[in-house]
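Just so we're on the same page: letters track the sequence lines, and every chain starts at 1.
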Number of protein chains: 2
Amino acid sequence: MARPPRFEISQLLDAAVRLAAEHGPSGVTMSAVAQAVGAPSGSLYHRFAGRPALLAEVWLRTVEGFQEGYFAALRSGDGPRAGGRAASRHVVAWSRTHPQEAALLLYGAHEFGRDDWPEEQLRRADEGNMRVRAAVAALAGALGLHGELGLERVSLAVVDLPLSLVRRHLRGGEPLPAHAEELAEQCTDALLTAG
Amino acid sequence: MARPPRFEISQLLDAAVRLAAEHGPSGVTMSAVAQAVGAPSGSLYHRFAGRPALLAEVWLRTVEGFQEGYFAALRSGDGPRAGGRAASRHVVAWSRTHPQEAALLLYGAHEFGRDDWPEEQLRRADEGNMRVRAAVAALAGALGLHGELGLERVSLAVVDLPLSLVRRHLRGGEPLPAHAEELAEQCTDALLTAG
DNA sequence: CATGTTCTAGAGGGTACTCTCCATATTAAT
DNA sequence: ATTAATATGGAGAGTACCCTCTAGAACATG
């Protein structure tokens with residue numbers, strides 16, 4: 001018993017992703033998103049409580065989409081070492097097939113106005129972070145890398161390093177080179193070797 | 001034969017750095033900088049052609065200040081391997097003593113409106129980038145790491161990896177842990193070992 | 001002291017964006 | 001058909017910011 005929506009939420013978020021990739025988070029204005037899909041600005045405020053809520057949703061949908069495959073990769077393969085390599089590879093491969101979303105990930109939640117997010121979305125973000133931390137800690141334990149220093153080294157190996165590799169290229173506007181997955185895997189492996 | 005300035009350029013840039021570190025590049029507005037030092041907005045336009053010029057100057061002063069010590073570190077030590085380790089260490093140590101400037105570096109020139117910069121400042125930025133590329137290429141050659149893949153691996157080792165380590169902590173608002181330099185050096189060394 | 005130069009001081013126009021509001025339209029269920 | 005629920009469509013108030021512009025203050029030099 002209601003008028004059907006002309007604009008799907010996912011359609012609005014797609015436009016927001018495109019804008020964020022092209023002009024940065026600050027380019028994701030309510031009017032820009034509305035104009036991109038041909039909707040009046042009022043319609044946006046039926047879906048999102050305000051700009052912070054929209055930015056949070058764009059960020060969370062992207063991160064959660066990324067993490068889905070990331071955790072699967074971490075658990076894959078034969079043993080923790082292979083899982084780490086696969087995870088590193090996944091970061092690069094996913095970025096290759098989702099260049100706009102990857103560009104978005106490189107900004108970080110803070111640039112998407114995290115400080116202004118509504119309670120519930122902050123919770124979702126925290127939960128994702130916790131899951132990553134837990135997975136990294138489990139990997140570090142399985143590899144015998146203990147202590148604060150070991151944990152941080154594993155984080156660098158399976159999270160920050162592959163992201164750095166992606167950043168280096170995407171920020172320059174170039175696509176990822178063919179050998180990127182290979183390089184990420186090699187470097188991750190080198191860092192996972194106990195020093 | 002002129003009235004002495006009440007506001008030094010460096011004083012304005014200092015305020016801009018503080019604002020950028022706290023609120024991001026978008027927080028560096030002309031009025032915010034003016035208000036931070038107690039100057040009228042008009043005075044800012046005597047020093048800088050406009051907002052893009054101010055942002056460019058903030059970025060360039062910071063990057064050039066950082067690079068000064070970075071190149072010295074790269075050339076220091078005994079052989080290329082030690083130079084790479086020292087450079088990695090320098091990134092972390094400099095970030096520790098210059099937390100605000102480091103936060104600024106983590107954003108990247110693009111976020112500081114690089115696309116709108118005046119010609120001359122674009123040139124300065126390019127020159128800095130070229131010097132880094134050349135130094136990294138020289139290091140890769142001395143280490144016997146050849147080809148596109150080797151070059152990129154060395155870049156990751158002595159530039160992106162230590163920056164990632166810094167980013168992980170500073171973006172969370174925490175200071176760098178005591179062992180950060182040590183960890184950076186170890187990881188860089190692991191990556192500089194030919195795979 | 002007179003002069004020319006550089007700077008301060010701050011008002012205000014122009015622009016872009018966020019968000020509110022309300023009349024109107026569309027649908028499902030009664 | 002009526003009604004309740006939900007959406008559109010778009011005008012416009014409020015706000016923040018960039019930048020310009022003019023008047024005059026402060027200083028070194030002749």
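Nearest nucleotide to the B/F7 side chain, out of D/dC19, D/dA7, C/dA9: C/dA9. Side-chain proximity of B/R47 to D/dA11, C/dT8, C/dT18: nearest is C/dT8. Proximity note for A/P4 (side chain, C-beta onward) versus C/dT27, D/dC19, C/dT20: the nearest is C/dT27. The A/P40 side chain lies nearest to D/dG10 when the options are D/dC19, C/dA9, D/dG10.
A straight line from OH of B/Y45 to P of C/dA9 spans 17 Å, rounded to a whole angstrom. A/R51 places its CZ atom 18 Å from the P atom of D/dT15, with the value rounded to the nearest Å. Protein atom CD1 of A/I9 is 11 Å distant from nucleotide atom P of D/dT8, rounded to whole Å. Taking atom CG of B/L44 as the reference point, atom P of C/dA9 lies 12 Å away to the nearest angstrom. The CG atom of A/L54 sits 10 Å away from the P atom of C/dC19 (whole-angstrom rounding). Counting to the nearest Å, the C1' atom of C/dC7 and the CD atom of B/E8 are 12 Å from each other.
For B/R171 and B/Y107, the positive end sits near the middle of the six-membered ring, less than 6.0 Å away and at most 45° from its axis.
Note: B/H98 and B/F66 fail the aromatic proximity criterion, with ring centroids not under 6.0 Å apart.
Atom CD of B/Q35 has 12 or fewer neighbouring heavy atoms from other residues, nucleotides or ligands inside a 6.0 Å radius.
Counting heavy atoms from C-beta on, the side chains of B/R81 and B/T193 come closer than 4.5 Å.
Using modelled atom types, one finds no donor on one side chain facing an acceptor on the other under 3.5 Å when comparing A/Q186 with A/H179. With no hydrogens or angles considered, no side-chain donor-acceptor pair links B/S41 and B/S31 at under 3.5 Å.
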May I have the step-by-step check of salt bridge (Lys or Arg N to Asp or Glu O under 4.0 Å) for A/E181 and A/R89, ending in yes or no? CA-CA 5 Å; A/E181 282 88 345; A/R89 222 174 227 290; 5.5 Å; no

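Note on B/D126 versus B/R133: no salt bridge recorded, every NZ/NE/NH1/NH2 to OD/OE distance being 4.0 Å or above.
The stretch residues 10-33 of chain B touches DNA chain D through B/T29, B/M30, B/S31, each having a heavy atom under 4.0 angstrom from the strand.
Between D/dT8 and A/R6, no contact under 4.0 Å exists linking OP1 or OP2 to a side-chain N or O. B/S43 has a side-chain polar atom (N or O) that falls below the 4.0 Å cut-off from OP1 or OP2 of C/dT8.
With hydrogens and angles disregarded, a donor-acceptor distance shorter than 3.5 Å links the side chain of B/Q11 to the backbone of B/E8.
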Report, one pair per line, the protein and nucleotides 22-25 of chain D atoms (nitrogen or oxygen only) whose separation is under 3.5 Å.
{"residue": "D/dG24", "atom": "N2", "partner": "B/R3", "partner atom": "NH1", "Å": "3.4"}
{"residue": "D/dA25", "atom": "N3", "partner": "B/R3", "partner atom": "NH1", "Å": "2.9"}

